[in-house]
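Report on the following structure.
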Amino acid sequence: MNKEVRVRFAPSPTGYLHIGGARTAIYNWLFAQKTGGKLILRIEDTDLERSTEESISGIMESLKWLGVVWDEGPYFQSHFIKEHQIAAQKLLDSGHAYKCFCTKEELEHKREKARKNKTSFKYDGACRNLTFEDIAKKVKAQIPYTIRLKVPLKQGSVVFKDIVYGAIERKYEDIEDFVIVRSNGRPLYILSNAVDDTRDRISHVIRGQDGLINTPKQILIYKALDSPVPEFAHMPLTLDSKKAKISKRKHGESVAVHFYKDHGFFPWAFVNFMVLLGWSTSDSRQIFSREELIEAFSLEGINRSNSIFNIRKDDPKFFTDPKAISINEHYLRNLPLEKIEPYIKEELKKTKIWNPAFEGEKHNWFLDTVDLIRSRYHVFTDFGTLGRAYFSEDYPVDPKPLKKNILKHEELKVWFPILADRMEAIEVFTIEETEKVIRNMAEEFGIKAGILINGTRTAVTGQAAGPGIFDILIAIGKNRAADRLRRAVKYFAA
RNA sequence: GUCCCCAUCGUCUAGCCUGGUCCAGGACACCGGCCUUUCACGCCGGCAGCAGGGGUUCAAAUCCCCUUGGGGACGCCA
């Protein structure tokens with residue numbers, strides 16, 4: 001029982017990696033990490049019409065971004081079709097399978113009839129008992145045939161113990177003789193998958209709950225092939241806020257892993273969020289480091305009910321599940337600066353306001369500034385938008401605070417240049433000194449300091465809110481701040 | 001229609017296996033307060049849930065049954 005743990009993630013490359021697939025990959029990876037086992041990446045590309053090269057590289061890129069590293073592969077299922085066919089032949093030879101000459105049309109007709117009568121359709125086994133002569137005759141006549149597995153006719157059931165769902169039982173009589181090889185000779189997923197898992201010596205199959213219903217069929221294949229049956233762990237599905245299965249077609253980009261990369265998520269924060277969708281520890285811990293998560297993870301902690309991924313659209317702050325955002329915020333605020341620095345750098349490069357000096361002579365300033373503003377941001381992209389004024393001279397001014405904090409007070413037209421002069425006159429530009437200047441000026445002119453403070457904030461950062469004004473002034477610097485104050489006068493002209 | 005699975009705050013969940021410590025705990029979101037001449041962080045507080053009905057039991061969120069609701073699967077897709 002203490003055999004080597006080998007798990008696999010086996011996506012079909014028909015699009016980008018979406019959160020359902022990502023979660024499956026993460027659980028497999030965690031289990032491998034936890035047990036010292038191996039994770040195998042297998043691309044199930046037997047559906048040649050829908051599989052694309054682009055999708056394969058996209059999936060691998062997303063996995064890498066998440067930090068899900070695999071130990072073997074990628075293997076390609078399409079390379080092993082011969083092997084699957086040999087397995088089918090073996091099943092035929094051993095009497096576990098038979099050739100079925102029923103045509104698609106015949107079957108569709110029977111299915112249609114069943115639908116009309118509101119009864120369930122199950123293949124009736126028409127070809128199961130053909131005589132040798134019949135079969136030989138039909139084969140000779142080149143009538144195409146599929147290969148079906150013989151499901152035991154006797155009373156009884158397939159029973160297995162799912163690590164998550166417990167004992168699962170399915171009666172033989174509820175399982176039809178299912179097709180394992182198409183009439184064009186191409187094996188079906190249900191066969192290929194079992195054969196591949198055997199070859200890859202997979203010890204645990206960890207997959208979505210939608211695979212649960214197939215499991216009894218696959219166990220029948222394993223047994224007929226005399227192969228060891230792996231352990232199974234099915235995990236609940238992730239549904240959308242309308243409780244529908246998440247799909248690329250319906251939800252588009254917002255369920256794609258790369259969407260979160262593009263929207264400024266810290267990859268580990270996203271992993272942390274996703275792992276909590278259907279799994280938890282008994283102390284309901286929320287935040288895990290990589291090491292803590294691997295230590296805490298267990299398949300038994302996976303729960304059995306589906307969870308909802310709360311996608312919100314058209315909400316500027318919560319453009320996705322609020323919990324995902326909040327976990328990202330947590331990391332954004334609490335991680336050591338050098339951990340998040342590369343992500344911010346990438347973001348500033350993307351928005352074309354990156355300056356190599358930020359990691360050179362201005363490095364300390366850069367880190368201090370990031371530290372100053374990060375507590376009010378949600379994702380890395382905010383540094384290139386909301387934080388633009390700190391890193392670039394070219395920044396937008398929000399019209400609302402412009403009106404409220406600047407234009408409303410006509411006298412600022414006069415006061416800004418005076419304040420600019422006084423700022424420049426400060427020898428040692430510190431929080432204490434800037435504060436002194438602003439407060440003294442307010443007193444001298446008989447105005448509320450708030451007017452000067454809020455006006456200055458908007459003039460210097462373009463925004464209504466932000467850090468304390470004196471912190472801002474230090475971060476922006478004496479000359480830049482003075483320049484911006486003088487330039488702000490032009491808002492009154494328009 | 002048939003089969004399989006599931007059911008605790010709006011959402012993610014703890015508790016359920018091994019009934020009593022649960023007038024149900026945490027997190028997110030939301031609301032209020034403190035801090036702050038802005039906003040956020042932080043801190044403090046609040047709102048909100050055992051789907052319904054039967055049973056078993058001295059005692060049920062926990063065990064059993066039914067109903068309802070939800071999901072999945074019923075392909076020569078993966």
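Naming: A, B, ... by sequence-line order, numbering from 1 per chain. These numbers come from the heavy atoms of this one structure, side chains and all, not from hydrogens, waters or symmetry mates.
The gap from the P atom of rC17(B) to that of rA27(B) amounts to 26 Å, rounded to the nearest Å. Atom C1' of rA51(B) sits at a distance of 31 Å from the matching atom of rG45(B), rounded to the whole Å. Distance noted for atom P between rU8(B) and rC50(B): 10 Å (whole Å). Using C1' as the reference atom, rG19(B) and rU57(B) are 9 Å apart when rounded to the nearest Å. To the nearest whole angstrom, the two P atoms, one in rC6(B) and one in rC64(B), are 11 Å apart. Going from the C1' atom of rU67(B) to that of rC30(B) covers 34 Å, rounded to whole Å. With both ends at atom P, the span from rC12(B) to rA7(B) equals 13 Å, rounded to whole Å. Comparing the same atom, C1', in rG1(B) and in rC47(B) gives a spacing of 44 Å after rounding to whole Å.
With distances taken from any side-chain atom of Ser284(A) to the nucleotides rA14(B), rC28(B), rA40(B), the minimum falls on rA14(B). Closest to the Arg376(A) side chain, of the nucleotides rA40(B), rC5(B), rC12(B), is rA40(B). When the nucleotides rC41(B), rC12(B), rG15(B) are ranked by their closest atom to the side chain of Leu276(A), rC12(B) comes out on top.
Counting to the nearest Å, the P atom of rG10(B) and the CG atom of Asp321(A) are 16 Å from each other. As rounded to whole Å, 13 Å separates atom C1' of rC6(B) from atom CG of Asp162(A). Rounded to an integer number of Å, the gap from Phe309(A) CZ to rU13(B) C1' is 17 Å. The interatomic distance linking Ile373(A) (CD1) with rC39(B) (P) rounds to 18 Å, in whole Å. In this structure, Leu402(A) atom CG and rU38(B) atom C1' are separated by 16 Å, rounded to whole Å. In this entry the distance linking CD1 of Ile453(A) with P of rU36(B) reads 13 Å, nearest Å. Distance Leu332(A) CG to rA40(B) C1': 12 Å, rounded to the nearest Å. Remark: C1' of rU13(B) and CG of Asn272(A) are 14 Å apart, rounded to the nearest angstrom.
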Report summary line: In 5'-to-3' order, the base (B), backbone-only (S) or no-contact (-) status of each nucleotide in nucleotides 69-78 of chain B, using a 4.0 angstrom heavy-atom cut-off, is -SSBSSSBBB
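Ion pairing between a basic and an acidic side chain is recognised when a charged N comes within 4.0 Å of a carboxylate O; Arg42(A) and Asp200(A) show such pairing. Contact check on Glu292(A) versus Arg290(A) returns no salt bridge, with no Lys/Arg side-chain nitrogen under 4.0 Å from an Asp/Glu carboxylate oxygen. By the 4.0 Å N-to-carboxylate-O rule, Arg376(A) lies too far from Asp382(A) to be salt-bridged with it. With respect to Lys243(A) and Asp240(A), no salt bridge is recorded, no charged nitrogen being found less than 4.0 Å from a carboxylate O.
Note: Tyr343(A) and Phe380(A) have parallel aromatic rings, judged against thresholds of 30 and 60 degrees for the angle between ring planes. Ring planes of Phe80(A) and His84(A): tilted class, angle from 30 to 60°. The aromatic rings of Trp415(A) and Phe445(A) sit perpendicular to each other, their planes meeting at more than 60°, with 30° as the lower class boundary.
No contact: Gly166(A) has no heavy atom under 4.0 Å from any strand. Within 4.0 Å (heavy atoms only), Arg457(A) reaches at least one base atom of the nucleic acid.
Residue Ile206(A) holds its CD1 atom at 4.0 Å from CG of Asn28(A), rounded to the nearest 0.5 Å.
Pair assignment for rG69(B) gives rC6(B), based on Watson-Crick or G-U wobble hydrogen-bonding distances that are each under 3.5 Å. In this entry rC74(B) has rG1(B) as its Watson-Crick or G-U wobble partner, both defining distances falling under 3.5 Å. Across every strand in view, rA61(B) sits unpaired, with no contact that passes the Watson-Crick or G-U test at under 3.5 angstrom. Checking rC23(B) for Watson-Crick or G-U wobble geometry (two distances, each under 3.5 Å) identifies no partner in any strand. When both distances must be under 3.5 Å, the Watson-Crick or G-U wobble mate of rG42(B) is rC34(B).
Residue Asp174(A) is the one, among Pro236(A) and Asp174(A), whose nearest nucleotide of RNA chain B lies closer to the 5' end (criterion: closest heavy atom). In this structure, Ser305(A) and Arg333(A) both approach RNA chain B, and ranking their closest nucleotides by distance from the 5' end singles out Ser305(A).
Residue Ser307(A) places none of its side-chain N or O atoms closer than 4.0 Å to OP1 or OP2 of rC12(B). Between Asn405(A) and rU38(B), a side-chain N or O to OP1/OP2 separation shorter than 4.0 Å is absent.
Thr430(A) is linked by a side chain to side chain contact (heavy atoms under 4.5 Å, CB included) to Val428(A), Glu432(A), Glu433(A), counting only residues two or more places apart in sequence or in another chain.
Counting distance only, with no hydrogens placed and no angle test, the side-chain atoms of Arg170(A) and the base atoms of rC4(B) include no donor-acceptor pair under 3.5 Å.
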